[in-house]
Amino acid sequence: MTYNHHVVEKKWQKYWHEHNVFNTTNDPNKENFYALDMFPYPSGQGLHVGHPEGYTATDIVARMKRMQGYNVLHPMGWDAFGLPAEQYALKTGHDPKSFTKKNIENFKRQINALGFSYDWNREINTTDPSYYKWTQWIFERMYQRGLAYEAEVPVNWSPDLGTVVANEEVIDGKTERGGFPVVRKPMRQWMLKITAYADRLLDDLDLIDWPENVKEMQRNWIGRSEGAAVTFKVVDSEDTIEVFTTRPDTLFGATYMVMAPEHELVDKITTAEQKQVVKAYQDEAAHKSDLDRTDLNKDKTGVFTGAYAVNPVNGKQIPIWISDYVLASYGTGAIMAVPAHDDRDFAFAKKFDLPIIPVVDGGNVADAAFTGDGLHINSEFLDGTNKDEGIHKMIAWLEDHHVGAKKVNYRLRDWLFSRQRYWGEPIPIIHWEDGETTLVPEEELPLILPETPDVKPSGSVESPLANLDDWVNVVDKNGRKGRRETNTMPQWAGSSWYFLRFVDPHNKEALADYDKLKAWMPVDLYIGGAEHAVLHLLYARFWHKFLYDIGVVPTPEPFQHLFNQGMILGANHEKMSKSKGNVVNPDDVVEQFGADTLRLYEMFMGPLDASIPWSEEGLSGARKFLDRVWRLIVDDQGKLRDHVTTENDGTLTTIYHQTVKKVTEDFEALHFNTAISQMMVFVNEASKADALPVEYMEGLVKLLAPIAPHMMEELWQELGHDETLTYEPWPTYDEQYLIEDEVEVIVQVNGKVRGHLKVARDTDKVKLEALARADEHVQKFVGTQTIRKVIVVPNKIVNIVAK
RNA sequence: GCGGGUGUGGCGGAAUUGGCAGACGCGCUAGAUUUAGGUUCUAGUGUCCGAAGGACGUAAGGGUUCAAAUCCCUUCACCCGUACCA
């Protein structure tokens, strides 16, 4: 009887569900293991074959850990706030809530069809008020500690749509929907002070087991650099300009200054004669996109303000220019320019004929800036020192004279936390008529997102919530009028702490019980796409550290071991996309081949982190292997085969124990492709054997169960058991069976293989050399040459060097 | 440009304290089973020359070593991140 995946997969999914097989256990005698997937945004498109790749990986580990005697927490939930639902609502007038609910149902159906061992009793949904109550609670705690504040930040405003659009909705300066013009408009927005945690976010990367490239991306994103702040006085004015520099040692070479066109002092210091050109340049810069200002513009531009500053170290007057090569958003928005030792300053000085004074010996200022190390020149008290020493001495001098200090600067900026959207967590803030801003009292949380029959643009920079007068307008007990914050939180908010809620999802008193968090955190294995390498993972780490500081969570880091799965490409080696017509739908695969085949195939394709094209033949190859396993154990009548026996003639002993070892180690290391290959080798050997010890067949079924759980449950039943194998003990191996008594030693002549010796394990060097020399074929290649040297590595190789 | 990574048969890949390159799977070839197709089973399958047996071969070039896919240097290609970060 051939294997029928339709029947068997449904049968076991029903069994698992009805028996609550995957409920998280809390046995105090067992160790805990937390295996987590990055929870998905339930899009209307449904599941993509890329989703199950990461999900299968964590599921395999979760299932193995259960069998190894751990309590396993393996949950799933929904990151369900987000732009698509809002856009859908705006377009159709439908409610994002019911739309989202429908999508979640579809996602859940698809996920369950793949046989993942999630504990659905812990399902969470970021749009559920009982969940976002705690998202709001965290915001309030941050506000109370000064980590949430308001600032004036420009947004993309579309007058035609009457709404603010996100960066990803702006294409070539026009709205994605309708192609209307977009203008930058300043608006008061909420910010979170992630920069206060910059050093810890950087340093604690050393505590965690993450891919080096992800750590490196986070380091670059934080962008810590050490240097000095230096204050320049503006000539004939009370104003001063502060700059940040990593090379304070080159201060004697600073021959001009440059400010960003947007710098607040520009208008103030610009002289009357220069007003017009400066204004014109500012306008031009304001209309250029960021891309124009950087990528497309390698040629330096700028104008002189007419003002001068005093170089604090030598009293020289230097001109102040503005140029868009200086970014308002980095450092202080102004720089001291040292053209002799900075490539950008050099290009600018060349173009505008500004003086170039070398202060570090080594380069030739006629050709290029010299950025290397060397001895200082033209630098009075620094002359003769090298770079490091010069920096040190200059900082001391600056501090002594109160014109500067050592400073650390970050590229990381504070987190823009508000969105002008309906479909997000309301920010629990009230703005009162007397100017006071207060939090919604904690006991009134959650602040529920009000339902509305029709989500429509507010017509202003505010979110659609501004339309809901009953909700927006509030009056306190003294009759003071107030207005609720109409901004909502970004999607990142709910995903910055969801892994904590899984630990204790129904808690009404706290976001999660501290002792339970202590038992489960940090997450032991976290798998998801590389696209979250920076933002999600940095935000989540930031919130976690904050919660750690206020005593809510017990660990400084949330995710101990992180892994990024690769992408599954279309059969044509291109990224799957509707427009390319190369998308594979998991529903179709499950229908045709079964979930076990999909899981096996995705794990066998190659290393988990590689991007590999889909192959229909590869997929049916996976099914063929599963069929082979089935036929190995079950006959045409659906009965256990006769050759599965309690007797063991020993032919499979070594390969079985090797397989148990390799599969166990490979699963642990997430090397699923090689684990599967080892099981294939074992099955090939077993197919040739006369008798199959029942112990080994049970072992094989258990080893394969994490990958192909439905068929293995069925085979486990064929082998005479009547309960799930979920909690059966994981197979073990015995070292003594791994070692073969006879080994093959290769014989080389001058590094080329010329013969093989079958000898007893640990045959000594002398004997091996003698045997090698005696080999006829070897002798032929040695011929009349003199043997100069013989290298013998027992159990491995003999290399005869002859000339 | 900078930072990180990768480069192995027709394809996906395996082998990393340096020790038989190509495990395993796909595809392909031949044979068996089948009315036939599919399935299944057996054998073969890096390239070149051949009867045995050789020579060559891990992006390209060079080096270290008894021995290099693996270590070192140079170059090239592709992928990911980033974008004048002072």
Side-chain angles (χ1 to χ4, degrees), chain A residues 2 211-221 223-225 227 230 243-248 250 257-258 260 290-291 293-295 297-298 300 323-327 329-338 341-345 347-348 409-412 530-531 533-534 564 566-567 569 571 573 600-601 604-607 609-622 624-625 627-628 631 671 673-684 687 744-756 777 780-781 788-793 795-802:
Chain A
T2 55
E212 201 45 52
N213 68 322
V214 175
K215 288 189 181 184
E216 200 55 34
M217 278 160 74
Q218 294 219 341
R219 286 188 193 110
N220 292 339
W221 193 263
R224 182 190 148 103
S225 59
V230 184
V243 303
F244 172 74
T245 177
T246 54
R247 292 293 304 272
T250 62
M257 293 186 81
V258 186
D290 287 349
L291 208 68
R293 285 180 63 165
T294 58
D295 223 22
N297 185 6
K298 297 293 179 202
K300 297 277 182 286
S323 172
D324 60 10
Y325 88 89
V326 173
L327 310 175
S329 57
Y330 183 79
T332 62
I335 62 158
M336 65 177 214
V338 184
H341 304 292
D342 181 282
D343 293 322
R344 296 151 303 179
D345 297 343
F348 192 82
N409 195 54
Y410 299 93
R411 199 192 88 110
L412 181 70
E531 66 273 22
V534 178
N564 293 125
M567 220 183 324
L569 305 172
H573 289 66
L600 178 76
Y601 172 59
F604 186 59
M605 292 173 97
D609 57 359
S611 290
I612 299 172
W614 185 262
S615 154
E616 208 61 36
E617 287 91 357
L619 180 66
S620 69
K624 281 205 308 215
F625 171 66
D627 284 337
R628 264 166 78 80
R631 285 197 309 271
H671 295 165
N673 56 330
T674 49
I676 292 166
S677 141
Q678 179 66 34
M679 288 189 270
M680 287 172 166
V681 171
F682 177 73
V683 171
N684 288 345
S687 305
E744 196 173 69
V745 171
I746 50 167
V747 182
Q748 298 183 333
V749 177
N750 291 327
K752 298 209 161 131
V753 181
R754 300 300 180 191
H756 302 259
H777 197 63
K780 208 168 93 191
F781 279 89
R788 294 282 161 94
K789 198 169 171 187
V790 179
I791 290 107
V792 184
V793 181
N795 298 328
K796 273 194 176 157
I797 197 169
V798 177
N799 190 9
I800 298 168
V801 185

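In the text below, chain A, chain B and the rest are named by the order of the sequence lines, each starting its count at 1.
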- Message: Assess the residue pair A:E212 and A:R219 against the criterion (salt bridge (Lys or Arg N to Asp or Glu O under 4.0 Å)); give the C-alpha distance rounded to whole Å, side-chain angles, the decisive distance to 0.1 Å, and a yes or no.
- Response: CA-CA 10 Å; A:E212 201 45 52; A:R219 286 188 193 110; 3.2 Å; yes
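Residue contacts for A:D627: at a heavy-atom cut-off of 4.0 Å it reaches no nucleic acid atom on any strand shown. Note on A:N799: a base of the nucleic acid sits closer than 4.0 angstrom, heavy atoms only. Counting any heavy atom pair closer than 4.0 Å across all strands shown, A:E212 reaches no nucleic acid atom. Residue A:I612 is in sugar-phosphate contact alone, with no base atom involved, counting any heavy-atom pair closer than 4.0 Å across all strands shown. In this structure, A:S615 reaches neither bases nor backbone, as no heavy-atom distance under 4.0 Å exists between it and the strands shown. Among the atoms of the strands shown, none is found under 4.0 Å from any heavy atom of A:R788. Within the nucleic acid shown, A:R219 has no heavy atom closer than 4.0 Å to any nucleic acid atom. Backbone-only engagement by A:S225 is indicated by non-hydrogen atom pairs under 4.0 Å involving sugar-phosphate atoms exclusively. Residue-level contact check: A:F348 touches neither bases nor backbone, having no heavy atom under 4.0 Å from any strand.
Atom-to-atom, CZ of A:R754 to C1' of B:rA67 comes out at 14 Å; the value is rounded to the nearest Å. In this structure, the CG atom of A:D324 is 18 Å from the P atom of B:rA86, given to the nearest Å. Going from atom CG of A:L619 over to atom P of B:rG27 covers 12 Å, rounded to whole Å.
Using a 4.0 Å cut-off, no side-chain N or O of A:N220 falls inside it from OP1 or OP2 of B:rA83. Under 4.0 angstrom from either OP1 or OP2 of B:rU39 there lies no side-chain N or O belonging to A:R631. Listed pair A:K796 / B:rG19 fails the phosphate criterion, with no side-chain N or O lying under 4.0 Å from OP1 or OP2. OP1 and OP2 of B:rC66 both lie 4.0 Å or more from every side-chain N or O belonging to A:K752.
Residue whose closest nucleotide on RNA chain B sits further toward the 5' end, between A:E744 and A:N673: A:N673. In terms of position on RNA chain B, the residue among A:G223 and A:I800 whose nearest nucleotide sits closer to the 5' end is A:I800.
Side-chain atoms of A:K624 lie closest to B:rU40 of the nucleotides B:rG19, B:rU40, B:rG3. Distance from the side chain of A:I791 is smallest for B:rC66 among the nucleotides B:rA14, B:rA86, B:rC66. Here the side chain of A:V326 is nearest to one of B:rA86, B:rC26, B:rG13, namely B:rA86. Nearest nucleotide to the A:R411 side chain, out of B:rC26, B:rG4, B:rA83: B:rA83. Here the side chain of A:V753 is nearest to one of B:rG25, B:rC20, B:rG27, namely B:rC20. In this structure, of B:rU82, B:rC20, B:rC66, it is B:rC66 that holds the atom nearest to the side chain of A:K789.
Checked by atom type, the side-chain pair A:N220/A:R411 shows no donor-acceptor distance below 3.5 Å.
Pairing for B:rC24 is with B:rG12, a Watson-Crick or G-U wobble pair whose two hydrogen-bonding atom distances lie under 3.5 Å.
Taking the ring axis of A:Y325 as reference, the NZ or CZ atom of A:R344 does not stay both within 45° of it and closer than 6.0 Å to the ring centre.
Aromatic ring centres of A:W221 and A:Y410: separated by at least 6.0 Å.
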